[in-house]
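Not measured: the values here are computed from a predicted model. Below, chain A is the first sequence line, B the second, and so on; all start at residue 1.
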Protein chains: 2
Amino acid sequence: MTKQSVKERILETALDLFHEKGYHGVTIDKIVEAAQTSKGGFYHNYKSKDALLYEIHDVFISVVLKKTKEAYDTHETPIEKVVAMLYAFTYVFDYYQRHITVFYNEGTYLPDEYKEVINEKRTEYQKLIEQVISDGVEFGSFRKEISTSMTTMAIIGLVNWTYKWYRQNGPMTMQQITSYFNDIILRGIVTKEGYEEALKQQLLIIE
Amino acid sequence: MTKQSVKERILETALDLFHEKGYHGVTIDKIVEAAQTSKGGFYHNYKSKDALLYEIHDVFISVVLKKTKEAYDTHETPIEKVVAMLYAFTYVFDYYQRHITVFYNEGTYLPDEYKEVINEKRTEYQKLIEQVISDGVEFGSFRKEISTSMTTMAIIGLVNWTYKWYRQNGPMTMQQITSYFNDIILRGIVTKEGYEEALKQQLLIIE
DNA sequence: GTGTATAGACCGACTAGTCGGTTTGTAAAA
DNA sequence: TTTTACAAACCGACTAGTCGGTCTATACAC
């Protein structure tokens with residue numbers, strides 16, 4: 001039985017509530033009531049409601065970035081890297097779906113100072129994906145005529161959109177979804193050689 | 001020079017502001033000031049702020065649904081239909097980007113009564129895409145082992161995510177983006193026969 | 001061991017400001 | 001005269017944040 005600090009309880013509760021009702025649909029009074037603490041308890045642990053929103057953003061993007069970097073660094077070929085990076089996101093997804101929802105829905109409301117910090121990390125994440133794509137083109141795994149930036153946006157879109165419909169207790173696990181998306185994306189961008197490699201690595205779904 | 005009614009001016013202004021600052025980042029006072037009218041003008045034309053939010057949602061989803069249906073009905077083969085449906089979305093996109101942003105970011109805040117109406121149309125839209133995919137599998141254009149529902153979500157995600165990064169005056173037109181996405185998706189799901197058909201119809205990007 | 005000083009954690013009544021919505025007023029149209 | 005279309009002052013509920021104060025724990029003196 002883990003003793004949860006008040007700060008942790010506030011964060012957890014806020015995540016649940018934000019996820020369900022949105023940032024502006026939840027008052028601090030509601031949070032402290034649900035977290036069984038008080039206004040004082042809240043402001044002792046967080047500077048403001050915005051600061052709490054920032055914390056949620058930062059926790060999420062930091063983990064994504066870290067896991068994605070790891071995936072990039074610990075794999076050899078571009079194909080392996082892309083696939084690993086998507087699985088990294090999967091990993092994050094299962095534990096951070098509430099964060100993601102807040103991240104993409106309420107980001108507009110972050111005060112500028114906070115927004116900058118977050119955007120830097122977000123850009124870094126994007127750059128990583130672009131890097132893999134252009135690596136893959138150079139390497140001969142991905143077709144020369146694909147656009148690095150658009151392919152990146154396609155991948156990010158495909159993956160991120162999951163937060164809108166994925167349910168933990170739905171019929172599909174994130175593993176399954178990701179392997180499916182990997183299949184579609186890979187088929188969409190590989191060269192003949194890339195296709196052979198992906199086949200050999202069992203990254204494609206076949207009959 | 002079209003004479004714009006107060007109602008239209010309010011809607012246009014609200015769209016701009018919501019797009020930029022989010023629904024809760026904009027007060028009615030700000031709207032009426034920017035639209036050069038008054039509180040009275042606003043409440044004469046709209047029942048409430050929520051009703052305005054609903055109107056934005058409804059205008060958008062109705063157009064999407066209509067255009068998608070048309071695309072479905074006026075084309076023959078599943079491949080042509082998918083492609084046409086994505087282009088339909090493109091068409092909508094260029095004129096309705098602000099609506100889309102509001103639709104996907106602020107939908108949580110729609111009162112339940114409104115939400116139901118919107119969700120019905122949204123489901124209908126989704127069903128249409130699912131239909132085309134399963135048509136395509138039956139028809140032999142798309143691979144048998146693909147999942148209808150996940151492919152649908154993949155397509156919707158890919159396309160919808162565009163609202164997060166597309167800029168009217170950016171380097172790419174929505175036409176270009178859509179044809180690019182069509183390429184990736186088609187390659188991702190077609191059979192050999194489907195591939196041949198897509199090639200013949202010049203739906204794939206080749207070197 | 002016992003009393004005392006101090007710091008950090010937490011409480012909750014209160015406030016100042018905000019914002020959606022209402023009411024009253026008015027000029028032109030019908 | 002009545003209705004429509006808007007203007008502008010106003011209201012009251014709500015909410016983020018404050019502030020004086022209490023409670024608990026630990027460290028240290030005696």
Can you confirm whether more than 12 heavy atoms, excluding those of [X], are under 6.0 Å from its [atom1] atom?
X: A:E116; atom1: CD; result: no
X: A:E120; atom1: CD; result: no
X: B:Y114; atom1: OH; result: yes
X: B:F139; atom1: CZ; result: no

What is the distance, to the nearest angstrom, from the [atom1] atom on [X] to the [atom2] atom on [N]?
X: B:D29; N: C:dG20; atom1: CG; atom2: P; result: 7 Å
X: A:Y43; N: D:dT18; atom1: OH; atom2: P; result: 7 Å
X: B:K21; N: C:dC19; atom1: NZ; atom2: P; result: 12 Å
X: A:I28; N: C:dA13; atom1: CD1; atom2: P; result: 17 Å
X: A:N45; N: D:dG17; atom1: CG; atom2: P; result: 15 Å
X: A:I31; N: D:dG17; atom1: CD1; atom2: P; result: 11 Å
X: A:R9; N: C:dC10; atom1: CZ; atom2: C1'; result: 11 Å
X: A:K7; N: C:dC10; atom1: NZ; atom2: C1'; result: 15 Å

Which nucleotide wins on minimum distance to the side chain of [X], given the candidates [options]?
X: A:V6; options: C:dC10, C:dG21, D:dG17; answer: C:dC10
X: A:S38; options: D:dA16, C:dG21, C:dC10; answer: C:dC10
X: B:H44; options: C:dC10, C:dG20, D:dA5; answer: D:dA5
X: B:K39; options: D:dT15, C:dT22, C:dC10; answer: C:dT22
X: B:S48; options: C:dG21, C:dC11, D:dC6; answer: C:dG21

Inset, instruction - Quick one: label B:V26 by what it contacts on the DNA or RNA (base, sugar-phosphate, nothing), any heavy atom closer than 4.0 Å. - result: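 B:V26: backbone/sugar contact only, no base atoms under 4.0 Å.
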Legend entry - Parallel, tilted or perpendicular, as decided by the 30° and 60° cut-offs, for the rings of A:Y96 and A:F60: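 A:F60 and A:Y96: tilted rings.
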Inset, instruction - For A:G40 and for A:Y23, find the nucleotide of DNA chain D with the closest heavy atom, then tell me which residue's nucleotide is more 5'. - result: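 The answer here is A:Y23.
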Inset, instruction - Look at A:T37 and C:dC11 and indicate whether a side-chain polar atom (N or O) is within less than 4.0 Å of OP1 or OP2. - result: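 Yes.
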